[in-house]
Amino acid sequence: MNTAIIVAAGSGNRFGGETPKQFIEVAGKPLLIHTLARFEECAAIDAVVLVLSAERVSDFAGIAKQFALTKLKAIVAGGATRAESVRNGLRAVGDNCNVVAVHDGARPLVTADEISATVRAAEEFGAACLTAAVTDTIKEVSDGGILRTVDRARLRRALTPQAFRLELLNRAYEHSDLGDAATDECYLVEKLGVAIRIVDGNARNIKVTTPDDLKFVEQFL
């Protein structure tokens, strides 16, 4: 069995407005529902654990029923940081799980094929991250000046999902202090010295952070 943890506990302060971005309606549905639908479509995922802010947990059961989310196994409250939210979701994953795929609730443009490819890579190698190429020229800077140009051929943008064998992700959390530096799960697994396989993904799999991002996503949805 493979389980997805969808992290949607953020307040969306950078986005602005009273409604968290993951609940803003886009193309007739809340943004988060579009994201969850991709996992409903993916044959490689058997169950979903959704992590929401504490005040949203009790309200979401009705929404899940309305949109026929058949794979939704549990809805849990998030923590103070992303890492804590994922850890709370991890506690709701059963011991019979093989691979856990962690995904941002505000990334609705991921495809079922990308999810499957990342899960399959984690099954084979233990850990996998969906990535996209860096297309801009990247500069290393210091004190208001450019130090050098970084070789972008060796760089990738980390997307989600990021997938891991359950035992490995549990071990990463056991050995972590869950500080703010842990902006994704690969960071925690990297600290164990474990190699992470990269999976090529589409650059349009963006995380909605600003109103302009939402306009971009709406064009595709």
Using a strict threshold of under 4.0 Å (side-chain N to carboxylate O), is an ion pair present between Glu167 and Arg171? yes
I want to check a possible cation-pi pair here: Arg197 against Phe125, using under 6.0 Å from ring centre and within 45° of the ring axis as the test. yes
For Cys186, does its backbone N or O pair with a side-chain atom of Gln162 as donor and acceptor, under 3.5 Å? yes
Go through the steps to decide whether Val86 and Val51 satisfy the test side-chain contact (heavy atoms from CB on, under 4.5 Å), and finish with yes or no. CA-CA 7 Å; Val86 174; Val51 185; over 6 Å; no
Quick one: does Thr3's side chain have a donor or acceptor within less than 3.5 Å of a partner on Met1's backbone? no
pair Leu36-Phe67: side-chain heavy atoms closer than 4.5 Å: no
Heavy-atom distance under 4.5 Å between the side chains of Leu169 and Val102, does that happen here? yes
Please round to the nearest 0.5 Å and tell me the distance separating atom CG of Asp136 and atom CZ of Arg157. 9.5 Å
What is the distance from atom NZ of Lys29 to atom OG1 of Thr35, rounded to the nearest 0.5 Å? 11.5 Å
Exam field: side chain Arg165 to backbone Glu123, donor-acceptor pair closer than 3.5 Å: yes
Partner residues of Thr70 under the side chain to side chain contact (heavy atoms under 4.5 Å, CB included) criterion, sequence neighbours left out: Glu40
Using atom types as modelled and distance alone, determine if a side-chain donor or acceptor of Arg107 lies under 3.5 Å from a backbone N or O of Asn205. yes
Residues Glu41, Arg38: salt bridge by 4.0 Å N-O rule: yes
Enter the distance from Arg152:CZ to Lys139:NZ here, rounded to the nearest 0.5 Å. 10.0 Å
Side-chain heavy atoms nearer than 4.5 Å, only ILVMFWY residues, links allowed to pass through others: does that put Tyr187 and Leu159 together? no
Taking only residues at least two apart or on different chains, which pairs with a member in residues 135-169 satisfy ring pair (Phe, Tyr, Trp, His ring centres under 6.0 Å)? none
Within the distance-only criterion (no hydrogens, no angle test), does the side chain of Lys71 pair as donor or acceptor with the backbone N or O of Cys42 below 3.5 angstrom? yes
Heavy atoms of Val189 and Ala127 approach each other most closely as CG1-CB, 4.4 Å
Could you state whether Leu69 and Val48 fall into the same hydrophobic cluster, counting links through intermediate Ile, Leu, Val, Met, Phe, Trp or Tyr residues with side-chain heavy atoms under 4.5 angstrom apart? yes
Contacts of type side chain to side chain contact (heavy atoms under 4.5 Å, CB included), residue Asn202, not counting sequence neighbours: Glu114, Arg204
Side chain Lys21, main chain Ala106, donor-acceptor under 3.5 Å: no
Gap separating the NZ atom of Lys65 from the CG atom of Leu72, nearest 0.5 angstrom: 14.0 Å
Output yes when a side-chain donor or acceptor of Asn2 lies under 3.5 Å from a complementary backbone atom of Ile45, and no otherwise. no
CD1 of Ile196 to OG1 of Thr131: how many Å apart, nearest 0.5 Å? 11.5 Å
Which atoms form the tightest heavy-atom contact between Leu147 and Ser142, and what is the distance? CD1-CB, 3.7 Å
Side-chain heavy atoms under 4.5 angstrom apart, residues restricted to Ile, Leu, Val, Met, Phe, Trp, Tyr: same cluster for Ile206 and Leu130? no
Can you tell me which residue pairs pass the salt bridge (Lys or Arg N to Asp or Glu O under 4.0 Å) test with a partner in residues 183-196, sequence neighbours excluded? Arg82-Glu185
Restricting to pairs with a member in residues 80-116, which pass ring pair (Phe, Tyr, Trp, His ring centres under 6.0 Å), not counting sequence neighbours? Phe39-His103
Stepwise, does the side-chain contact (heavy atoms from CB on, under 4.5 Å) test hold for Leu155 with Ile138? CA-CA 9 Å; Leu155 302 178; Ile138 304 298; 4.2 Å; yes
Around atom CG of Asn96, are there more than 12 heavy atoms from other residues, nucleotides or ligands closer than 6.0 Å? yes
Less than 4.5 Å apart, any side-chain heavy atom of Leu90 and any of Asn170? yes
According to a hydrophobic-cluster definition based on side-chain heavy atoms being under 4.5 Å apart (Ile, Leu, Val, Met, Phe, Trp, Tyr only), do Ile24 and Leu32 belong together? no
Do the side chains of Val110 and Ile115 get nearer than 4.5 Å, heavy atoms only? yes
According to a hydrophobic-cluster definition based on side-chain heavy atoms being under 4.5 Å apart (Ile, Leu, Val, Met, Phe, Trp, Tyr only), do Val208 and Leu221 belong together? yes
Just wondering, do Phe23 and Leu52 contact through their side chains at under 4.5 Å, heavy atoms? yes
Only counting residues at least two apart or in another chain, list the ones meeting side chain to side chain contact (heavy atoms under 4.5 Å, CB included) with Ala163. Val99, Ala101, Thr118, Ala122
